[in-house]
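Everything numeric in this text was worked out from a predicted model, so none of it was measured. One-based numbering, in listed order, for ligands and for the atoms of each.
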Amino acid sequence: MLDLGLSEEHETLRKTVESFARSVVAPRAEEMDRTEEFPYDIVAGMAQMGLFGLPFPEEYGGMGGDYFALCLAIEELARVDSSVAITLEAGVSLGAMPVYRFGTEAQKVHWLPSLTSGEALGAFGLTEPGGGSDAGATRTRAELRDGEWVVNGTKAFITNSGTDITTLVTTTAVTGMRPDGKKEISAILVPVPCPGFSAGKKYSKVGWHASDTRELAFTDVRVPEANLLGERGRGFSNFLAILDEGRIAIAALAVGLAQACVDESVKFAKEREAFGRPIAAYQAISFKIADMEMRTHVARMAYYSAAAKMLAGQRFTKEAAIAKLFASEAAVTNAREATQVHGGYGFINEYPVARHWRDSKILEIGEGTSEIQRLLIVRELGLSAPT
Ligand SMILES: Cc1cc2nc3c(=O)[nH]c(=O)nc-3n(C[C@H](O)[C@H](O)[C@H](O)COP(=O)(O)OP(=O)(O)OC[C@H]3O[C@@H](n4cnc5c(N)ncnc54)[C@H](O)[C@@H]3O)c2cc1C
C-alpha cells in the first residue's frame, strides 16, 4: 500500500518542533531579523531538544532517528523563521554529517558528540570567492609537510563558520594533481579557532539575517595529517554526496517558508476588508492562495519522496534535485504572492511575509543554484550536459 502519512514517531516529533517554533522562535523572529544577532539561546533550546542529533546513532550522542526526521524539524522551524532553520540544517547536514559519513572511528568519536548535542557547530567550506557552482575550481591548497597539512586559501559564504560555538570547519583543498592532469581535491578537518585561521565579518545579507555567514581565510594553518577526512582525492565527490542529501533538507526548509506564506495569507485575507468585503471574497485573491497551497503540497510530496528513496538506500540524486528545484521556486513564488495579498503591509518588515520574501531568494542559490539542479536532472536523464 502507498502510505504518504507520517509515522507516529515522525508526527510526534513534528508536533514537538511545531510547538517550540510557535512558542519560542516566532515571538523573536522579527527582532532577530532586525538586529541580525545569532540566537544562541534558541540554538541552545534546539540542542536541548536533541534536534542537532536527530539523524545520528546514539553511540555518537545522536537521537537514533533518520534524515527525514531532520527534514520535518527544519520544515516546522522554517514555518516561522528561516535563519533558525538554516542554522540547524547547516549544523547537521553540512557540519556533522561529513564526519559521520566519511570520518574514521577516531574522528567520529572525537567530533560527533559535541556536534550532535548542539553544544558546538561545524561548518562546510566548499565555496570560494572565485567558484561556487564550479566547485572543482577550488584554489585553496593543502600541502603535507612534516606530518601536517598546511592549508592556504580563502572560502566564501560559509554558514555557521564564525559563531562563538563553532569548533570545526571542514574544508576542501587541492592536495595534488591526478594522473589525468585534473586537481586532486581532498577534505581536511580544521579545528577552529587556530593560528592562521580567520573568520571575516558577517556578510550583510538580503535575508537569513540571524544566520552566521562569513568569508574565511587560511594562512599557513597547520593540522595533523590524521585530519584528512575520507580518502585523499575523494574530497570533492564526497562533498557532492553531502550536497545530494542537503538538497532534501533545503527543500524541506523551502516548504516551511512556502507554508508560512499560505498561513499568513489565509489569516490576512479573512481580516482585511476592501470595498466592504474581506479580500478573501475576491477570486483574484482566493485563487492566488489556492495556487500557493497547491505549490506547497506538491513541493512537500517531492521532498517526502526524495527522502523515502534515500532512506530505502536507493539512488536519489534526481529526486533530491527535483525537490530542491521545485520547492525553492515554489517558496519564492509564494513569498511574492503572499506579499501581494498583503498589499502595502507586505512591504513592511514587521509583517512576516516581508521577511519570508527576503529569506526566500537564497533558496534558489544555496546548495546548488536552480540552474545546477536542472543540470543534475539533465545528467540523470542520460542527456549530455548542455553548455
Ligand atoms: C547565505 C549563503 C550561505 C551559504 N552557505 C554555504 C556554506 O555553508 N558552504 C559552502 O560551501 N557554500 C555556501 N554558500 C555558497 C553557495 O552554495 C553558492 O553561492 C552557490 O553554490 C552559487 O555559487 P556562486 O555564488 O559562486 O555563483 P556562480 O557559481 O558564480 O553562479 C553564478 C550564476 O551562473 C550560473 N551558472 C554557473 N555555472 C553554470 C552552468 N554550468 N550552467 C548554467 N548556469 C551556470 C549559476 O546558476 C548562477 O545563476 C552559501 C551562499 C550564501 C549566499
Measuring only between side-chain heavy atoms, which start at C-beta, is Phe124 closer than 4.5 Å to Ser93?
no
Taking only Lys NZ, Arg NE, NH1 and NH2, and the carboxylate oxygens of Asp or Glu, determine whether [X] and [Y] approach each other closer than 4.0 Å.
X: Glu271; Y: Lys267; answer: no
X: Arg14; Y: Glu11; answer: yes
X: Arg22; Y: Glu18; answer: yes

Any N or O of [X] closer than 3.5 Å to N or O of ligand 1:
X: Ile362; result: no
X: Gly131; result: no
X: Thr127; result: yes
X: Thr159; result: yes

Per-atom contacts of ligand 1 with [X], taking only distances under 4.0 Å to non-hydrogen atoms:
X: Glu367; answer: 17 (O)
X: Thr369; answer: 22 (C), 46 (C), 47 (O)
X: Leu126; answer: 11 (O)
X: Glu371; answer: 43 (C), 44 (N), 46 (C), 47 (O), 49 (O)
X: Ile158; answer: 7 (C), 8 (O), 9 (N), 10 (C), 11 (O)

Report the relative orientation of the aromatic rings in Phe68 and Tyr303; use parallel for angles under 30°, tilted for 30 to 60°, perpendicular for over 60°.
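Geometry flag for Tyr303 against Phe68: tilted rings.
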Applying ring pair (Phe, Tyr, Trp, His ring centres under 6.0 Å) as the test, list every pair that has at least one member in residues 171-209; sequence neighbours left out.
Phe157-Tyr203, Phe197-Phe218
Run the side-chain hydrogen bond (donor to acceptor under 3.5 Å, both in side chains) test on Thr296 and Gln259 for me, step by step, so that the C-alpha distance in whole Å, both residues' side-chain angles and the decisive distance to 0.1 Å come before the verdict.
CA-CA 6 Å; Thr296 309; Gln259 184 67 59; 5.0 Å; no
Below a 4.0 angstrom heavy-atom separation, can you tell me which part of Thr213, side chain or backbone, both or neither, approaches ligand 1?
side chain
Please state which part of Asn160 comes within less than 4.0 Å of ligand 1, counting heavy atoms only: side chain, backbone, both or neither.
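Neither part.
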Worked check of side-chain hydrogen bond (donor to acceptor under 3.5 Å, both in side chains) between Thr163 and Thr166:
CA-CA 5 Å; Thr163 73; Thr166 302; 2.7 Å; yes
When you measure from atom 41 (N) of ligand 1 to each heavy atom in Thr170, Val206, Leu375, which option holds the nearest one?
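It is Leu375 that holds the nearest heavy atom.
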